[in-house]
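Note sheet for the following structure.
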Amino acid sequence: MAMLRVITWISMKLGRRQARVILHLIAGYFLLFAPTASRSSRAYLTRVFGQPAHIWQIYRHFLTFSATIHDRIDLLNNRFDLFDIHVHQPEAIATAVAAGQGVLLLGAHLGSFEVLRGVGQQHPGPRVVMVMYEQNAQRLNAMLSAINPMAEQNIIPPGRMDSMIRVQEELENGALVGLLGDRSFGKEKVQSITFLGKPALWPSGPFRMAVILRRPIFFMVGLHTGPGKYEIFLEQLADFTEVERDEREAVVHRAMEKYVSLLDKYCHMAPYNWFNFFDFWQ
């Protein structure tokens, strides 16, 4: 937290270029003193490139992650003028946002989820709400407070009696409700689906939420493509508005397979944007 506050001060007072120098030091630190993360990075990069990863590739992996965290400082302070954000979105999302219908978005620890605010910049009005487990929410809130104490964060913890009701209310109020679908917690139902050539376990909770709410669900990823540059891609995964009860499991499975295939696609497109620094296939 202390280092984050220092970087925030440098970035806000001295400029982004000066702050980026520190990012190289941070990436070097993790390369030298975080063996578990380094091994996980090497294993992932070897899979995505199809050949053993070099040390400079692992360094670049850490540097990309550091850059997205650094960019969050300015994104949370609404300094969108510092970024080049290009949004690729289907007409269905533009129509839903414009009509104030709310949108359910499913992302992953791939790229920056914070640039989701860039979608809102194109359509002023909708607020961003995250469905996030409480432990993660507490850590995130502490970090956000260090970056900008005034930043409004709307976080709904899943698994509570009123969680689904709160998500439904936010959607009805036109919010962009974001979930991350690449990590499972507790006794949540999971399905085995091949990712980058090897089976991995994926939670079905976000898709079952969309089924219960009878809502379409969209894939969302914000890829870091260079200093201050992001490409946001949105694609529809499934529309559960008219799905019959006996069709739900099959439709959920197809939507999950499409989600994983899109992750595979965008990992190959921007390989250094994958930020799960542990053995994902264990």
Side-chain angles (χ1 to χ4, degrees), residues 1-8 19-73 106-114 130 132-144 146-147 158 179-188 190-203 205-206 221-224 259-260 263-264 266-282:
M1 294 302 297
M3 181 56 68
L4 183 60
R5 289 189 175 95
V6 170
I7 296 176
T8 301
R20 280 188 62 84
V21 174
I22 299 179
L23 301 185
H24 289 274
L25 300 177
I26 293 173
Y29 171 85
F30 277 96
L31 184 66
L32 295 173
F33 301 109
T36 300
S38 294
R39 284 195 300 270
S40 299
S41 173
R42 184 186 298 276
Y44 158 74
L45 292 172
T46 297
R47 287 190 177 283
V48 78
F49 286 122
Q51 59 185 12
H54 298 287
I55 191 169
W56 67 267
Q57 292 175 312
I58 300 172
Y59 174 83
R60 184 175 175 184
H61 194 188
F62 285 132
L63 182 62
T64 303
F65 179 53
S66 301
T68 61
I69 299 300
H70 175 230
D71 287 344
R72 183 175 290 183
I73 294 171
L106 185 62
H109 293 80
L110 178 67
S112 172
F113 207 75
E114 198 59 52
M130 288 293 295
M132 184 179 295
Y133 285 86
E134 286 186 293
Q135 184 179 10
N136 291 351
Q138 290 170 359
R139 293 173 178 173
L140 179 62
N141 283 334
M143 186 177 72
L144 297 177
I147 294 173
L179 308 92
L180 298 177
D182 56 339
R183 295 185 190 175
S184 60
F185 297 86
K187 298 181 179 179
E188 184 177 3
V190 295
Q191 293 189 21
S192 177
I193 301 174
T194 299
F195 174 58
L196 295 179
K198 185 177 179 181
L201 297 178
W202 303 87
V221 65
L223 300 177
H224 179 273
Y259 170 75
V260 176
L263 285 181
D264 191 298
Y266 288 110
C267 279
H268 281 95
M269 180 183 295
Y272 299 105
N273 277 246
W274 178 253
F275 300 143
N276 281 306
F277 291 100
F278 60 90
D279 185 0
F280 192 80
W281 293 268
Q282 63 181 339

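Not measured: the values here are computed from a predicted model.
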When you measure from the side chain of Asp182 to the backbone N and O of His109, does any donor-acceptor pair fall under 3.5 Å? yes

Under the 3.5 angstrom rule, does the side chain of Tyr266 hit a backbone N or O of Pro271 as a donor-acceptor pair? no

Would you check if Trp281 and Leu196 make a side-chain contact, meaning some heavy-atom pair closer than 4.5 Å? yes

Atom CZ in Arg42, atom CD1 in Ile58: separation rounded to 0.5 Å? 3.5 Å

Does the side chain of Glu114 reach to within under 4.5 Å of the side chain of Thr68, using non-hydrogen atoms? no

On a heavy-atom basis, the closest approach of Leu45 and Ala53 is CB-CB, 3.6 Å

Is the Phe65-Phe277 ring centre distance short of 6.0 angstrom? yes

Is it the case that over 12 heavy atoms from other parts of the model lie below 6.0 angstrom from the CZ atom of Phe275? yes

Surrounding CG of Leu25 (heavy atoms of other residues, nucleotides or ligands, distance under 6.0 Å), is the total greater than 12? yes

Trp56 vs His54 aromatic rings, parallel, tilted or perpendicular, using cut-offs 30° and 60°? parallel

Please report the interatomic distance CD(Gln282) to CG(Leu201), rounded to the nearest 0.5 Å. 9.5 Å

I would like to know whether Asn276 and Arg183 meet side chain to side chain contact (heavy atoms under 4.5 Å, CB included); could you show each step before the answer? CA-CA 9 Å; Asn276 281 306; Arg183 295 185 190 175; 2.6 Å; yes

Rounded at 0.5 Å granularity, tell me how far CG in Asp71 sits from CZ in Arg20. 7.5 Å

May I ask you to decide if the ring planes of His61 and Tyr44 are parallel, tilted or perpendicular, using 30° and 60° as cut-offs? tilted

Heavy-atom pair with the smallest gap, counting every atom of Ser192 and Pro199: OG-CB, 3.6 Å

Distance check, rounded to the nearest 0.5 Å: Arg39 atom CZ versus Asp279 atom CG? 10.0 Å

Here the pair of heavy atoms bringing Leu179 nearest to Pro206 is CD2-CB, 4.2 Å

Would the number of heavy atoms belonging to other residues, nucleotides or ligands and lying under 6.0 Å from OH of Tyr29 be above 12? no

Using a 3.5 Å distance criterion without hydrogens, assess whether the side chain of Asp264 forms a donor-acceptor pair with backbone atoms of Phe195. no

Sub-3.5 Å donor-acceptor pair from the side chain of Ser41 to the main-chain atoms of Ala37, do we have one? no

What's the shortest heavy-atom distance between Ser66 and Leu23, and which atoms? O-CD2, 3.8 Å

Establish, for the pair Arg47 and Trp274, whether the NZ or CZ atom is under 6.0 angstrom from the six-membered ring centre and no further than 45 degrees off its axis. no

Looking at side-chain heavy atoms only, is the closest gap between Ser38 and Phe62 below 4.5 Å? yes

Value rounded to 0.5 Å, distance of OH in Tyr272 from CG in Leu110: 14.5 Å

Could you report the tightest heavy-atom contact between Gln57 and Pro52, atom names first, then the distance? OE1-O, 4.3 Å

For Tyr59 and His24, run side-chain hydrogen bond (donor to acceptor under 3.5 Å, both in side chains): C-alpha distance rounded to whole Å, both residues' side-chain angles, the deciding distance at 0.1 Å, then the answer. CA-CA 9 Å; Tyr59 174 83; His24 289 274; 2.9 Å; yes

